Structures are given as structure tokens and as C-alpha cells.
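In this text, all values refer to a predicted model and were calculated from it rather than measured experimentally.
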Amino acid sequence: MSPTWVQLAYLVAALCFVLALKGLSTPRYARLGNLVGAAGMALAVVTAYAHGAVHNGPLILLAVAAGAVVGVPAARSVKMTAIPQMVALFNGVGGAAAALVALVEFVEVDGSALFDVATVLTVLIGAVSFSGSVVTFLKLQEVMTTRPVLLPAGRFVGAGVALLGLALAPAVVATSSVPLLVALFAVGLALGVLFVLPVGGADVPIAISLLNAFTGLAVAASGYVLGNTLLIVAGTLVGASGTILTRLMAQAMGRPLANILFGAFTAARAAAAG
Amino acid sequence: MIDLLTIFVLAVFVGFEVVSKVSTILHTPLMSGANAIHGVILVGAILITGRAEGGPELALGLAAVFLATVNVVGGFVVTDRMLEMFKGHKR
């Protein structure tokens with residue numbers, strides 16, 4: 001268990017995140033909300049460093065500095081029209097980070113079955129979010145076609161990969177095997193690509209929003225892995241609000257969510273039938 | 001474990017509640033702000049790297065710290081830029 005001052009700092013940070021989301025929902029306080037969120041994040045990160053960086057302190061600072069050197073100019077210089085794909089990319093690296101955290105913890109600690117379940121969830125969802133976000137980025141950046149991509153027999157490939165994931169997940173929990181977990185990570189990557197490929201141009205932002213909620217859930221699951229309440233609270237907040245937001249966005253565009261995600265599949269089926 | 005589950009369930013409801021009345025114009029900034037908040041995985045990345053004793057764990061941990069930092073700082077900066085643009089529109 002962490003000392004009391006660490007827990008208190010995490011509580012304040014969690015409150016900041018709730019206020020940030022609340023502020024971001026009203027035009028008047030949106031910008032303030034974002035700043036409150038950033039302040040909460042700064043508090044959380046400084047606390048984690050002060051309490052947790054027993055070893056490798058300088059290396060961690062170096063990695064943070066490198067991340068800032070890459071992230072800030074990217075966010076500052078991106079064209080306004082290119083912001084959605086930038087958000088997708090930031091979302092993707094967050095998902096990848098969650099998967100890596102769970103993977104390292106899995107290697108270092110020999111935990112209970114429940115711990116293994118949370119690890120499996122984090123790695124799988126994080127991988128889906130990462131590769132899915134990269135594909136949405138490529139679509140919006142027009143590196144690849146923005147039209148729905150239909151693989152021949154795509155539904156069967158997707159179902160096959162999903163089944164493989166369903167088979168691997170309990171195997172990882174049962175054996176605590178690291179190679180199997182890495183294989184599951186690869187399955188997650190494939191699933192993410194297959195999930196986003198059939199989504200068409202105008203619907204891509206909604207897919208980004210859903211992947212954003214996914215990353216939130218991955219972070220929450222990693223909170224179970226590490227026994228860290230702040231990760232659970234913040235990840236769950238994003239997962240829940242992201243899900244609602246995804247629905248609202250779909251409604252605003254007058255498209256039921258299921259249509260967007262599976263629209264290309266049903267269209268293909270209709271074309272085949274007709 | 002039940003404690004953590006309680007926290008999880010309560011946070012789900014808070015998450016539903018805080019964004020239920022968002023106006024359409026704020027959808028994208030809210031998504032971006034939420035995106036920055038899940039960058040809190042940086043806390044987890046720092047904690048595991050702080051325990052790592054060299055080897056692949058250290059390398060993977062540092063990679064996680066780097067990626068999570070990009071998520072955090074990029075997320076907050078890009079959200080602020082979007083909201084700044086809105087302010088300009090209104091005047």
C-alpha cells in the first residue's frame with residue numbers, strides 16, 4: 001500500500017479529472033477544465049515520481065523529456081484540419097503504453113488469477129486501441145483510402161482472429177506464460193486493424209472516440225494490475241464518458257452506432273444477396 | 001479487491017453523468033481532453049520503471065514512459081489549441 005500522502009495526492013488528481021470532464025462539457029468552462037485536468041496530471045506524475053522512482057530516476061526523466069520534445073511540437077504545429085488524426089495517434093500511443101505496463105508487470109510479478117485476468121484485458125484492449133488508432137490515422141491522413149476496406153472473406157478472418165484471442169486469453173491466465181501473452185498482444189493488433197478497416201471516411205471520428213474509450217478501459221484494467229486507485233478512477237472515467245460521447249456523436253450524425261461499425265459488413269452482405 | 005470494484009462501479013456512473021449534457025460543438029475537444037486524461041497511464045509507467053532492475057523490463061518500461069508522455073502533453077496541448085480556436089470564432 002502506498003503512504004497516505006501519495007493516496008491523498010492521487011485523490012486530488014482524480015477530482016481534477018472529474019472537474020476537467022465536467023468543464024469540457026460546457027463552452028464557458030471548457031478551456032479552464034482542460035487546464036484543471038493538466039494540473040491534476042502534473043500532480044499525479046510528480047507524486048508517482050517522488051514515491052515510485054526508486055531506481056532509474058534519471059532515465060525516467062530522460063524518457064519524459066523525450067516524450068515532451070516529440071509531443072509538444074507535434075501538437076503545436078499540427079494543422080487545424082489534421083487535429084482528429086493527431087488525437088487518434090495520441091490515443092494509440094496511450095493504448096500501447098498501457099499494454100507495455102501490463103506486460104512488464106506480468107514479467108516481474110507472479111500474481112493471482114485475478115491479476116492475470118486484468119493483465120490479459122489490458123494487453124488485449126491496449127493492442128486493439130493502438131493498431132486501430134494507427135489505421136484511423138492513416139485513413140484521415142489519406143495515406144490509405146478513406147473508403148471502407150472490405151477484405152475478401154473479412155468477416156471470417158475477423159471471427160477467426162477473435163476466436164484465437166478467446167482461446168489464448170484463458171490459456172495465459174492458466175499458464176502465466178509470457179510468450180502466450182505476447183501472442184495475445186499480436187492478436188489484439190490484428191483485431192484493431194480488422195475493426196477499423198471497414199469503417200468509412202465520415203465515420204472515422206466516431207471510431208476514434210470509441211477507441212479512446214477502449215484505451216480508458218485498458219488503463220483502468222492496468223490499475224487493477226498495479227493495484228493503483230488513480231489509474232482505475234481516471235481510466236474508468238474516460239471509458240465511461242467516452243462510451244457516452246461515442247453514442248452522442250453517432251446520434252448527432254444521425255447514424256446508429258451499430259450501422260457505423262458494421263455498416264460495411266451489412267452493405268457487403270446486401271450486395272452479395274442482391 | 002472489492003474495494004477496487006466499488007471504485008470502478010462508482011467511477012462508471014460519474015463518467016456517464018459528467019458528459020451527459022455536452023453540447024455538440026464540444027464533442028471533439030471533449031474527446032481530446034478525455035484522451036489526455038487516459039495518459040495517466042504515465043503514472044503506471046513511472047511506477048513499473050522505478051522498480052525495474054535492468055534488462056528488457058527497463059527498456060520496455062522506458063518505452064512506456066515515453067509513449068505515455070507523448071499522450072499526456074500532446075493531448076492537453078492539442079485540446080487547448082482547439083478551444084482557443086473556438087474563442088476566436090465567437091468574437
Side-chain angles (χ1 to χ4, degrees), chain A residues 17-18 21-22 24-25 30-31 34 37-38 41 44-45 48-49 52-56 59-60 63-64 66-68 70-72 74-75 86-87 90-91 93-94 96-98 100-101 104-105 107-108 209 212 215-216 219 222 226 229 231-234 236-238 240-242 244-245 249 252, chain B residues 1 4 7-8 11-12 14-16 18-24 26-27 29-53 57-58 60-83 85:
Chain A
F17 295 155
V18 174
L21 288 175
K22 189 82 201 154
L24 279 166
S25 318
R31 211 163 172 203
N34 189 46
M41 187 66 73
V45 169
Y49 184 81
V54 186
H55 307 293
N56 314 316
L59 283 175
I60 292 174
V64 168
V70 171
V72 173
M86 205 71 221
V87 173
F90 290 149
N91 178 48
V93 295
L100 283 180
V101 167
V104 173
E105 187 72 1
V107 174
E108 283 183 352
S209 176
N212 190 35
T215 309
V219 171
S222 79
L226 298 173
T229 47
L231 292 188
I232 295 178
V233 172
T236 311
L237 276 177
V238 176
S241 62
I244 293 284
L245 182 62
M249 284 169 84
Chain B
M1 266 305 164
L4 298 183
I7 292 170
F8 172 75
V12 167
V14 174
F16 282 167
V18 285
V19 300
S20 56
K21 288 191 276 290
V22 59
S23 54
T24 313
L26 284 173
H27 280 172
L30 179 58
M31 173 173 84
S32 177
N35 171 46
I37 289 174
H38 69 50
V40 74
I41 187 65
L42 176 55
V43 166
I46 289 175
L47 293 179
I48 56 151
T49 313
R51 285 204 293 269
E53 282 161 359
E57 285 108 285
L58 178 61
L60 289 177
L62 287 173
V65 170
F66 169 75
L67 293 175
T69 308
V70 172
N71 185 181
V72 169
V73 297
F76 282 118
V77 171
V78 105
T79 311
D80 193 59
R81 268 191 73 198
M82 258 187 261
L83 296 168
M85 178 176 67

Contact summary for [X] and [Y], nearest pair of heavy atoms:
| X | Y | result |
| --- | --- | --- |
| B/H27 | A/A252 | CE1-CB, 4.1 Å |
| A/A68 | B/T69 | N-CG2, 3.7 Å |
| A/A97 | B/A64 | CB-O, 3.7 Å |
| A/V233 | B/A11 | O-CB, 4.1 Å |
| B/V65 | A/I60 | CG1-O, 4.0 Å |
| A/M86 | B/V78 | CG-CG2, 4.5 Å |

Most chain A-contacting option - heavy-atom pairs closer than 4.5 Å, from [options]:
| options | value |
| --- | --- |
| B/V73, B/V19, B/L42, B/V72 | B/V19 |
| B/N35, B/I46, B/L26 | B/N35 |
| B/G44, B/S20, B/S32, B/G61 | B/G44 |

Between A/S209 and B/M31, is there a donor-acceptor pair closer than 3.5 Å when you use the side chain of the first and the backbone of the second?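 A pair under 3.5 Å: no.
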Is it true that a side-chain atom of A/N56 and a backbone atom of B/T49 form a donor plus acceptor pair closer than 3.5 Å?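 Confirmed, A/N56 side chain pairs with B/T49 backbone.
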Report the distance from atom [atom1] of [X] to atom [atom2] of [Y], rounding to the nearest 0.5 Å.
| X | Y | atom1 | atom2 | answer |
| --- | --- | --- | --- | --- |
| B/N71 | A/M41 | CG | CE | 8.0 Å |
| B/H38 | A/S241 | NE2 | OG | 10.0 Å |
| A/T215 | B/I41 | OG1 | CD1 | 10.0 Å |
| A/H55 | B/L58 | NE2 | CG | 10.5 Å |
| A/I244 | B/L30 | CD1 | CG | 11.5 Å |

Which one of A/A66, A/G94, A/A38 has the most heavy-atom pairs closer than 4.5 Å to chain B?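 The residue among A/A66, A/G94, A/A38 with the greatest pair count is A/A38.
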Report yes if the side chains of [X] and [Y] come closer than 4.5 Å at any heavy-atom pair, otherwise no.
| X | Y | result |
| --- | --- | --- |
| A/V101 | B/L47 | no |
| B/R51 | A/V54 | no |
| A/L237 | B/I37 | no |
| A/N34 | B/M82 | no |

Interface moiety of A/L226 toward chain B, non-hydrogen atoms closer than 4.5 Å: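 The side chain, not the backbone.
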By a 4.5 Å heavy-atom criterion (distance strictly below it), what part of A/A74 contacts chain B: side chain, backbone, both, or neither?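 Neither part, no heavy atoms under 4.5 Å.
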With sequence neighbours excluded, tell me which residues meet salt bridge (charged side-chain N to carboxylate O under 4.0 Å, His left out) with B/R81.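 Scan of B/R81 (salt bridge (charged side-chain N to carboxylate O under 4.0 Å, His left out), adjacent residues dropped) gives none.
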Side chain, backbone, both or neither: which part of B/A36 has a non-hydrogen atom closer than 4.5 Å to chain A? backbone
Answer with side chain, backbone, both or neither: which region of B/T24 has an atom nearer than 4.5 Å to a non-hydrogen atom of chain A? side chain
